[in-house]
Amino acid sequence: MHGVYHNQNFLAAAEEVGLEWPEGAKRLQGKGYHAPVLSAETREYHAQSLRELEEAIPLVLPHLELPPTSNRGRVDRLTYACKCDSPRRFRISRTVAAQGGITCNVCGHEFAPE
Ligand SMILES: [Zn+2]
């Protein structure tokens with residue numbers, strides 16, 4: 001990771017999940033053991049799964065429906081509009097909207113979900 005020194009503890013954790021520091025590789029100044037690689041034993045251990053994933057991923061990926069990135073982590077909100085000639089609009093959570101009506105002081109009508 002950017003700006004993080006990968007010390008001996010990082011390498012020990014990497015080794016626990018089957019990575020290793022390549023033989024003869026040099027630690028990078030300021031970054032330490034920044035890029036351990038898959039060990040031969042780990043590659044062999046997971047070989048069957050890796051082959052299956054290589055075949056399955058291209059078949060499945062085009063059919064996956066990903067959540068829209070613009071809405072990630074956001075609460076589901078309603079868009080409310082009034083009856084002005086150019087309606088005034090705002091987004092509001094369902095909980096807050098349920099607390100009661102909101103009236104536009106320009107057109108005098110209550111804002112309603114679009
Ligand atoms: Zn209005």
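Values below: every heavy atom of this structure, side chains too, minus hydrogens, waters and symmetry copies.
Interatomic distance, Gln8 CD to Tyr33 OH, rounded to the nearest 0.5 Å: 4.0 Å. The distance from the NE2 atom of His6 to the CG atom of Leu28 is 10.5 Å, given to the nearest 0.5 Å. Between Gln99 atom CD and Thr95 atom OG1 the span is 8.0 Å, to the nearest 0.5 Å. The SG atom of Cys104 sits 9.5 Å away from atom CZ of Phe90, with the distance rounded to the nearest 0.5 Å.
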Could you tabulate the donor-acceptor pairs under 3.5 Å formed by side-chain atoms of residues 51-59, not counting sequence neighbours?
from  : atom 1 : to    : atom 2 : distance (Å)
Arg51 : NH2    : Gln48 : OE1    : 3.3
Glu52 : OE2    : Gln48 : NE2    : 2.8

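Within the structure, the ring pair (Phe, Tyr, Trp, His ring centres under 6.0 Å) test picks out no pair touching residues 91-110 (sequence neighbours left out). Within the structure, salt bridge (Lys or Arg N to Asp or Glu O under 4.0 Å) pairs that include any residue of residues 103-112 do not occur (at least two apart or interchain).
Of all heavy-atom pairs spanning Arg27 and Tyr5, the tightest one is NH1-OH, 3.8 Å. In terms of heavy atoms, Cys82 sits closest to Pro87 at O-CB, 3.5 Å. Taking every heavy atom of both residues into account, Pro22 and Ala35 meet most closely at CD-O, 4.3 Å. Smallest separation of non-hydrogen atoms from Gly108 and Thr103: O-CG2, 3.6 Å. Taking both residues in full, the closest heavy atoms of Thr42 and Val17 are given as CG2-O, 4.5 Å, listed atom of the first, atom of the second, then distance. Between Glu20 and Ala40, the shortest heavy-atom contact is OE2-N, 4.3 Å.
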Would you sort out whether Val4 and Phe10 count as a side-chain contact (heavy atoms from CB on, under 4.5 Å), showing the intermediate values? CA-CA 11 Å; Val4 175; Phe10 172 82; over 6 Å; no
Take Leu78 and Arg94 through the test side-chain contact (heavy atoms from CB on, under 4.5 Å) and record every step on the way to the result. CA-CA 7 Å; Leu78 301 167; Arg94 291 173 189 278; 3.4 Å; yes
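Using cut-offs of 30° and 60° for the angle between ring planes, the Trp21 and His34 rings count as perpendicular.
Arg77 and Ser93 share no donor-acceptor pair across their side chains, judged by distance under 3.5 Å alone.
Checking side-chain atoms of His63 against main-chain N and O of Leu61 turns up no donor-acceptor pair under 3.5 Å.
Hydrophobic clustering (ILVMFWY, side-chain heavy atoms < 4.5 Å, transitive): Phe111 and Val106 are in distinct clusters. Linking ILVMFWY residues whenever their side-chain heavy atoms come closer than 4.5 Å, directly or via other members, leaves Leu38 and Tyr45 in distinct clusters.
Within a 6.0 Å radius of CD in Glu44, other residues, nucleotides and ligands contribute 12 heavy atoms or fewer.
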